[in-house]
There are 2 protein chains.
Amino acid sequence: MSIKYAILGLLSWHPYTGYELKKAFPNIPALYWSGNNNQIYRTLVQLHNEKLVTRQIEIQDNYPSKKIYTITEKGLHELKNWLLTVPEPPQLKNTFMIKLSFADQLNKEEIQKQLLDYKNEINSQILIIKELQKRGNGKPKRGKRETYLWEMIHRRWISYYSNELEWIKELQKNIK
Amino acid sequence: MSIKYAILGLLSWHPYTGYELKKAFPNIPALYWSGNNNQIYRTLVQLHNEKLVTRQIEIQDNYPSKKIYTITEKGLHELKNWLLTVPEPPQLKNTFMIKLSFADQLNKEEIQKQLLDYKNEINSQILIIKELQKRGNGKPKRGKRETYLWEMIHRRWISYYSNELEWIKELQKNIK
DNA sequence: TTTCTCATGTAACGCGTTACATGATTAC
DNA sequence: GTAATCATGTAACGCGTTACATGAGAAA
């Protein structure tokens, strides 16, 4: 349940509503894939029950009323404890690799087709991240160190995809 | 549900029992993290219902009787169709990256500690894969092309971890 | 007029994990 | 005597996804 801590992390910057959180997620490279309605609203209720956040309701005339969540001292503590837990290894689930593992069922044209499609997929992934980085939404922009960390994270992601591309190229050359 | 296709993929080599499949999974780099009892036995029943596999029961004297699963024509078809579906982008869930994103809560010693622990984690991950590759279990060893693919997959995994190490080194140097 | 934004939420499902359960045999 | 291997399975839970639902106001 890293979503819980992701939300706490975001709330450690400043208060958010559920709706804002939902929009913030796609801007954070480490978790841009995640954060749908259901999870966020449910987790927020849970965090509130655990007294890790407080909630203020702001009534608006022309729009539905907002619920603004603020992190508590206890919440900051919980976040920090999590940050200090032992790091887990990354879990990369690459369905394409599984496919390749059993690609002997395919002829070379079919494999080449898949490689090409995968390459395109990776390329658009790179575009997305570069766009994210350029627009620079959802970044904290507070301390120098934090800015550096965010840049490094972006770079790591891009480098991952670039390496994937090189790897694909080599495969394309050798599958014949 | 890629486990379904992973199992079909394995069965496309030769028949397996559930127990053997369970042991085979950790030897396959693309899915070494997966494949627990529950999933495998449940999926096998499901595959059988869908007539994608057949099942022979082999009674043994001194051991519990085996259920040997063999892929059917329909199963091979299903597998091949899956292999030809459009590739999905890799989903890398790296909890450590999420942590780093919010690491501003930590002082430099604490971050350095986390980086060191993560580095060790990655190193042992590399050892595991290299060991896998060396022992060379669970590889098909049939055609030349298949052997090549498996080697490329191993290489990609190792390169991913190596790049992660370099990235960590840079962080270690600059966080002060 | 249709679509988008603001803002909240629920229902149902799917995939995967951990832990539990059995029971004989063989290796240390 | 203890642990591991062979071989099967079930129960319960957790996390996440997709889709559904409401309802007003602003923009295309």
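Predicted, not measured: the structure shown is a model, and the values here were computed from it.
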Asker: To the nearest Å, how far apart are B:Lys22 NZ and D:dT10 C1'?
Answerer: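 Those two atoms, NZ and C1', are 14 Å apart.
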Asker: Do NZ/NE/NH1/NH2 and the carboxylate oxygens of B:Lys74 and B:Glu50 come within less than 4.0 Å?
Answerer: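 Judged by the 4.0 Å cut-off on N to carboxylate O distance, B:Lys74 and B:Glu50 do not form a salt bridge.
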Asker: Can you check the B:Lys93 NZ to D:dC15 C1' distance for me, whole Å?
Answerer: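 Whole-Å distance recorded here is 8 Å.
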Asker: May I ask you to evaluate whether A:Ser2 reaches the phosphate of D:dC15, defined as a side-chain N or O under 4.0 Å from OP1 or OP2?
Answerer: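 For D:dC15, OP1/OP2 do not have a side-chain N/O of A:Ser2 under 4.0 Å.
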Asker: Between A:Gln46 (CD) and C:dG9 (P), how many Å, whole number?
Answerer: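 Going from A:Gln46 (CD) to C:dG9 (P), I get 15 Å.
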Asker: To the nearest angstrom, how far is B:Tyr5 atom OH from C:dG16 atom P?
Answerer: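 Distance check: B:Tyr5 OH to C:dG16 P gives 12 Å.
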Asker: Using a cut-off of less than 4.0 Å, is there contact between a side-chain N or O of B:Lys23 and OP1 or OP2 of D:dC6?
Answerer: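 For B:Lys23, the contact criterion (side-chain N or O under 4.0 Å from OP1 or OP2 of D:dC6) is met.
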Asker: So, does B:Gln39 get its side chain near the phosphate of C:dC15, meaning an N or O under 4.0 Å from OP1 or OP2?
Answerer: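 False: B:Gln39 side-chain N/O out of range (4.0 Å or more) of C:dC15 OP1/OP2.
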Asker: Whole angstrom is fine here: how far is it from CG in B:Leu44 over to P in C:dG16?
Answerer: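 Rounded to whole Å, this separation is 15 Å.
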Asker: Between D:dG25 and A:Asn62, counting only base atoms on the nucleotide and side-chain atoms on the residue, is there a donor-acceptor pair under 3.5 Å?
Answerer: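 A donor-acceptor contact between them is absent.
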Asker: Can you check whether B:Gln60 has a side-chain N or O nearer than 4.0 Å to OP1 or OP2 of D:dA7?
Answerer: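 It does, given that an N or O in the side chain of B:Gln60 lies less than 4.0 Å from OP1 or OP2 of D:dA7.
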Asker: Hey, does the side chain of A:Lys67 come within less than 4.0 Å of C:dG9's phosphate (OP1/OP2), counting only N and O?
Answerer: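 A:Lys67 to C:dG9 OP1/OP2: side-chain N or O found under 4.0 Å.
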Asker: Using the rule side chain to side chain contact (heavy atoms under 4.5 Å, CB included), only one of B:Glu58, B:His48, B:Arg55 pairs with B:Lys67; which is it?
Answerer: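 When side chain to side chain contact (heavy atoms under 4.5 Å, CB included) is applied between B:Lys67 and each of B:Glu58, B:His48, B:Arg55, only B:Arg55 qualifies.
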Asker: Are side-chain N/O atoms of B:Lys93 and A:Ser2 paired as donor and acceptor at under 3.5 Å?
Answerer: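 Looking only at side-chain atoms, A:Ser2 and B:Lys93 do not form any donor-acceptor pair under 3.5 Å.
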Asker: Find the distance A:Glu20:CD to C:dT5:C1' and express it as a whole number of Å.
Answerer: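 For the pair A:Glu20 CD and C:dT5 C1', the rounded distance is 13 Å.
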Asker: Taking only side-chain N and O atoms of A:Tyr19, does any of them lie within less than 4.0 angstrom of OP1 or OP2 on C:dC6?
Answerer: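 Affirmative; the distance criterion is met.
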Asker: Which nucleotide, D:dG9, C:dG16, C:dT5, lies nearest any side-chain atom of B:Asn37?
Answerer: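 So the side chain of B:Asn37 is nearest to D:dG9.
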Asker: Do B:Glu164 and B:Lys119 sit within salt-bridge range, that is, some charged N less than 4.0 Å from a carboxylate O?
Answerer: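 Judged by the 4.0 Å cut-off on N to carboxylate O distance, B:Glu164 and B:Lys119 do not form a salt bridge.
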Asker: Write down the distance between OH (B:Tyr16) and P (D:dT8), rounded to a whole number of angstrom.
Answerer: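 Those two atoms, OH and P, are 14 Å apart.
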Asker: Start at the 5' end of DNA chain D and walk down; is the nucleotide closest to B:Thr17 or to B:Arg42 reached first?
Answerer: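 The 5'-side residue here is B:Thr17.
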Asker: Can A:Tyr148 and B:Asn174 be said to form a side chain to side chain donor-acceptor pair (under 3.5 Å), step by step?
Answerer: CA-CA 9 Å; A:Tyr148 169 71; B:Asn174 293 318; 2.9 Å; yes
Asker: Verify the contact: side-chain N or O of B:Tyr41 to OP1 or OP2 of D:dG9, cut-off strictly under 4.0 Å; return yes or no.
Answerer: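 So the side-chain polar atoms of B:Tyr41 never come under 4.0 Å of the phosphate oxygens OP1 or OP2 of D:dG9.
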Asker: Return whichever of A:Asn36 or A:Pro64 has its heavy-atom-nearest nucleotide of DNA chain D closer to the 5' end.
Answerer: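 Whichever sits nearer the 5' end wins; that is A:Asn36.
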Asker: Separation of A:Lys66 atom NZ from C:dT8 atom P, in whole Å?
Answerer: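 These atoms are roughly 8 Å apart.
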